[in-house]
**Q** 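Mind looking over this structure? Questions follow.
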Protein chains: 4
Amino acid sequence: MVKKDKPKYKQIINAAVIVIAENGYHQAQVSKIAKQAGVADGTIYLYFKNKEDILISVFQEKMGIFVSKLEEIISRELTASTKLGLMITSHFELLASDIHLAIVTQLELRQSNHDLRLKINNVLREYLKLMDKILIKGMEDGEFDIEMDIRLARQMVFGTMDETITTWVMNDHKYDLVELAPQVHRLLLKGMQA
Amino acid sequence: MVKKDKPKYKQIINAAVIVIAENGYHQAQVSKIAKQAGVADGTIYLYFKNKEDILISVFQEKMGIFVSKLEEIISRELTASTKLGLMITSHFELLASDIHLAIVTQLELRQSNHDLRLKINNVLREYLKLMDKILIKGMEDGEFDIEMDIRLARQMVFGTMDETITTWVMNDHKYDLVELAPQVHRLLLKGMQA
Amino acid sequence: MVKKDKPKYKQIINAAVIVIAENGYHQAQVSKIAKQAGVADGTIYLYFKNKEDILISVFQEKMGIFVSKLEEIISRELTASTKLGLMITSHFELLASDIHLAIVTQLELRQSNHDLRLKINNVLREYLKLMDKILIKGMEDGEFDIEMDIRLARQMVFGTMDETITTWVMNDHKYDLVELAPQVHRLLLKGMQA
Amino acid sequence: MVKKDKPKYKQIINAAVIVIAENGYHQAQVSKIAKQAGVADGTIYLYFKNKEDILISVFQEKMGIFVSKLEEIISRELTASTKLGLMITSHFELLASDIHLAIVTQLELRQSNHDLRLKINNVLREYLKLMDKILIKGMEDGEFDIEMDIRLARQMVFGTMDETITTWVMNDHKYDLVELAPQVHRLLLKGMQA
DNA sequence: TATGAATGAGAATTCATTCAT
DNA sequence: AATGAATGAATTCTCATTCAT
């Protein structure tokens with residue numbers, strides 16, 4: 001059994017999400033995370049190399065859920081446009097169901113330093129690659145404009161989703177994010193359709 | 001003559017942009033900014049309340065240029081779609097011509113804490129309001145889909161532009177950002193057209 | 001059978017010498033010593049009261065070899081001057097044949113704190129007492145200056161030997177220490193002769 | 001006026017000697033030194049790069065006194081043997097007159113880590129070079145044995161002095177160190193005489 | 001006997017801000 | 001207005017030791 005499978009590993013990850021969401025990135029001291037996780041400060045360092053390692057792991061573990069979900073969607077027998085819709089919906093659902101996580105990914109983790117952000121971007125890249133698969137399939141199948149720049153299209157899709165979620169979080173999630181998914185889907189679809 | 005008109009005010013603002021761009025947000029100490037501006041540390045505090053005030057002022061002063069430009073575009077006798085295109089192009093041009101500023105607004109200033117980001121968002125809101133004016137005019141004139149959610153449309157426009165610029169900055173601006181403007185324009189237009 | 005006779009006791013002592021010599025006093029953690037000895041961290045505490053106890057025991061065990069050797073030399077039927085020469089030679093030989101031990105006693109163990117050094121000095125005292133026996137015999141037999149201060153003489157003998165060994169260790173033992181013994185002997189003899 | 005001439009520089013150096021002597025090397029926290037010096041913790045870092053820099057500077061500043069004194073002795077028109085005597089006496093006098101300094105140089109500073117000790121040795125080397133000058137002159141003038149190994153002789157001189165002082169410090173300086181100087185001188189002289 | 005996961009105290013250093021000059 | 005020396009609060013990480021198994 002490796003470290004990541006031990007119960008305390010996930011315990012600390014989850015504690016970190018809560019502490020960062022409730023206190024903000026810069027007020028999320030290791031001792032607070034340890035306390036929230038119900039372990040001693042030193043125990044943190046049996047599972048993580050340093051504080052940065054906790055934060056990257058938070059992102060990896062949680063982003064992993066998005067990636068798995070997206071892989072599952074892609075593997076299904078559906079049109080690219082339907083897949084796009086499912087991706088948006090499930091992305092919104094996951095964050096709407098875990099406000100703490102939404103705060104952390106949309107606001108707090110972006111305050112991290114350059115190095116950490118580079119590492120986070122590596123994790124993100126995997127997600128964006130899957131997104132590209134949908135776009136390419138849509139272009140090949142004649143659903144999406146064959147002439148469109150794949151990078152720009154991806155930036156539109158991700159940028160729109162990201163901006164929508166961030167706005168929702170900054171407005172204290174006082175409206176229903178998931179309800180917006182169909183409209184976002186329609187908007188993006190129009191932009192990309194053949 | 002108020003403080004903002006005094007030469008040292010702008011001198012410090014510009015020094016801050018350079019220092020933050022070259023050292024990163026977390027390595028932009030007040031003493032470095034003072035040195036770059038050619039003044040003593042204490043002098044900073046004759047022009048700014050505190051460090052946060054410098055950063056907000058940087059954003060306000062620089063964002064003001066975008067706002068002025070956009071106001072000028074809106075005031076012209078043009079179709080909403082043409083205005084949208086001009087907005088994208090001039091936005092890209094301004095950042096492409098000042099890499100330091102691009103780094104600061106797209107990457108470094110986002111590492112600021114929650115409070116500062118809220119204040120930055122207030123400044124940004126003015127810009128987004130002007131953007132809304134174009135979208136509303138386009139809907140009224142029958143250019144854009146009258147059914148579309150104005151907030152989502154704005155998030156798509158801003159999100160796409162923002163993501164495009166950030167990706168360009170993170171790729172060390174090794175390709176021409178301004179050249180992408182027409183394609184981004186076309187993509188967004190398709191998404192919003194009636 | 002007491003603890004000191006059990007195989008793991010010596011195993012840990014020897015592991016400590018190696019770990020300290022190779023990593024330095026401040027990087028010789030208990031866990032490293034345990035690993036080198038092939039036992040669990042907790043096992044150390046079945047044989048030693050605490051970390052300091054390991055270090056004192058290292059010194060005692062190893063110094064014991066010097067003391068035995070010296071006792072054997074003293075018991076022989078020889079002139080004081082010859083005994084002095086044998087002492088120097090065998091002292092040098094022992095350290096030259098165990099570089100790890102030389103590094104530990106000449107450099108690393110001296111970085112220990114005040115308390116530990118006091119305890120080490122107690123162990124050393126036994127050796128110095130035997131040294132005194134040779135000097136006293138020499139004075140009684142008319143070989144050494146009867147007027148000389150025994151304490152000062154001992155400090156000269158030990159200080160010279162110690163300084164010579166330390167210099168050799170600090171120069172990465174790139175010359176032959178044992179070859180220096182006759183010269184050191186002659187030098188000290190001249191200083192003490194009647 | 002450079003940093004070393006500013007009053008606070010020496011103030012901190014002297015505070016460090018007292019704090020280290022009274023608390024021991026490992027209990028000499030920066031905050032204690034700052035308090036003893038009557039400055040804020042942060043002020044220390046305006047004059048010293050880090051804690052190690054304080055300790056090296058202590059050694060350099062204080063060792064400088066020994067070096068100056070020795071240079072002055074060497075420059076006089078005296079026999080090598082007289083110079084040797086003056087060196088021993090003034091070395092003993094300086095340490096006997098500043099017990100704190102004696103504790104620091106003979107016991108506490110030797111607990112420093114490998115890196116720091118290497119730097120201290122560089123400072124010490126200057127002193128040893130001057131010592132060599134006396135020995136060489138003595139050999140050239142026929143006072144000292146022309147056949148003697150200069151390195152071994154120096155190790156005898158320094159080792160004997162060092163061991164004598166350390167023993168005195170460890171015995172809580174309950175006897176008069178300076179009174180021992182003539183005897184030490186005589187002992188060493190006999191060892192080296194032609 | 002032996003294990004090794006868990007504990008938690010302890011300290012160097014940075015940097016925004018002040019204020020006497 | 002301008003200076004810049006001085007301030008001091010605040011936080012990560014290590015590692016000797018314990019104790020349930």
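It should be emphasised that the depicted structure is a prediction, and the values quoted were computed from it without experimental measurement. In what follows, chains are A, B, ... by sequence order, proteins preceding strands, each numbered from 1.
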**Q** Is a side-chain donor or acceptor of C:Arg117 paired with a backbone partner of D:Leu107 at a separation under 3.5 angstrom?
**A**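 Yes.
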**Q** Please check this pair: side chain of B:Glu108 against backbone of B:Tyr25, looking for a donor-acceptor N/O pair closer than 3.5 Å.
**A**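 Yes; at least one donor-acceptor contact below 3.5 Å.
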**Q** Relative to the 5' end of DNA chain E, which residue comes earlier, D:Thr43 or A:Asp41, by the nucleotide with the nearest heavy atom?
**A**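 Upstream on the strand: A:Asp41.
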**Q** Rounded to the nearest 0.5 Å, what separates atom CD1 in A:Ile120 from atom CD1 in A:Ile56?
**A**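 CD1 of A:Ile56 is found 7.0 Å from CD1 of A:Ile120.
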**Q** Tell me whether the count of non-hydrogen atoms from other residues, nucleotides or ligands lying under 6.0 Å of CD in D:Gln60 goes above 12.
**A**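 More than 12 heavy atoms, drawn from other residues, nucleotides or ligands, come within 6.0 Å of this atom.
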**Q** What residues from residues 46-58 of chain A pass a heavy-atom cutoff of under 4.0 Å to DNA chain E?
**A**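 Here the set is A:Leu46, A:Tyr47.
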**Q** Which of residues 23-34 of chain B sit near DNA chain F, with a heavy atom under 4.0 Å from it?
**A**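 By residue number: none to list.
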**Q** Check for a donor-acceptor pair, side chain of C:Asp98 on one end and backbone N or O of C:Leu101 on the other, with a separation under 3.5 Å.
**A**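 Yes; at least one donor-acceptor contact below 3.5 Å.
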**Q** Can a donor-acceptor pair be found between the side chains of A:Lys8 and A:Gln11 at a distance below 3.5 Å?
**A**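 Result is no, nothing qualifies.
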**Q** Can you name the residues that form a ring pair (Phe, Tyr, Trp, His ring centres under 6.0 Å) with B:His100, not counting sequence neighbours?
**A**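 None.
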**Q** Where does DNA chain F form stems of at least three consecutive Watson-Crick or G-U wobble pairs, each pair having both distances below 3.5 Å?
**A**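 Result, WC/G-U stems under 3.5 Å: E:2-21 with F:2-21.
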**Q** State the CD1-CG distance between A:Ile103 and A:Leu109, to the nearest 0.5 angstrom.
**A**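 These two atoms lie 12.5 Å from each other.
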**Q** Around atom CD of C:Glu126, are there more than 12 heavy atoms from other residues, nucleotides or ligands closer than 6.0 Å?
**A**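 No, not enclosed.
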**Q** Closest-nucleotide mapping onto DNA chain F: is B:Ile44 or D:Gly38 further toward the 5' terminus? I mean the 5' end.
**A**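 This one resolves to B:Ile44.
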**Q** Work out which heavy atom in B:Ala28 is nearest to a heavy atom in B:Lys51; give both atom names and the distance.
**A**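 So the two residues come closest at O-NZ, 3.0 Å.
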**Q** Can any side-chain N or O of C:Lys32 pair as donor or acceptor with the backbone N or O of C:Val19 at less than 3.5 Å?
**A**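 A pair under 3.5 Å: no.
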**Q** Measure the spacing between OG1 of C:Thr105 and CD1 of C:Ile20 and express it to the nearest 0.5 Å.
**A**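 CD1 of C:Ile20 is found 10.5 Å from OG1 of C:Thr105.
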**Q** Just how far is it from atom OH of A:Tyr47 to atom OG1 of A:Thr43, taken to the nearest 0.5 Å?
**A**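 OG1 of A:Thr43 is found 7.5 Å from OH of A:Tyr47.
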**Q** Going 5' to 3' on DNA chain F, which nucleotide is the first and which the last to come under 4.0 Å of a heavy atom in chain A?
**A**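 Range of nucleotides touched by chain A: F:dT11 to F:dT14.
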**Q** What's the separation between atom CD1 in D:Ile99 and atom CD1 in D:Ile18, rounded to the nearest 0.5 Å?
**A**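 Nearest 0.5 Å value for the CD1-CD1 distance: 13.0 Å.
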**Q** Could you check which residues of residues 13-20 of chain D get a heavy atom under 4.0 Å from DNA chain E? Sort them by number, please.
**A**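 The stretch gives none, as no residue of it lies under 4.0 Å from the strand.
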**Q** Walk me through whether A:Val123 and A:Glu61 qualify under side-chain contact (heavy atoms from CB on, under 4.5 Å).
**A** CA-CA 10 Å; A:Val123 180; A:Glu61 289 288 322; over 6 Å; no
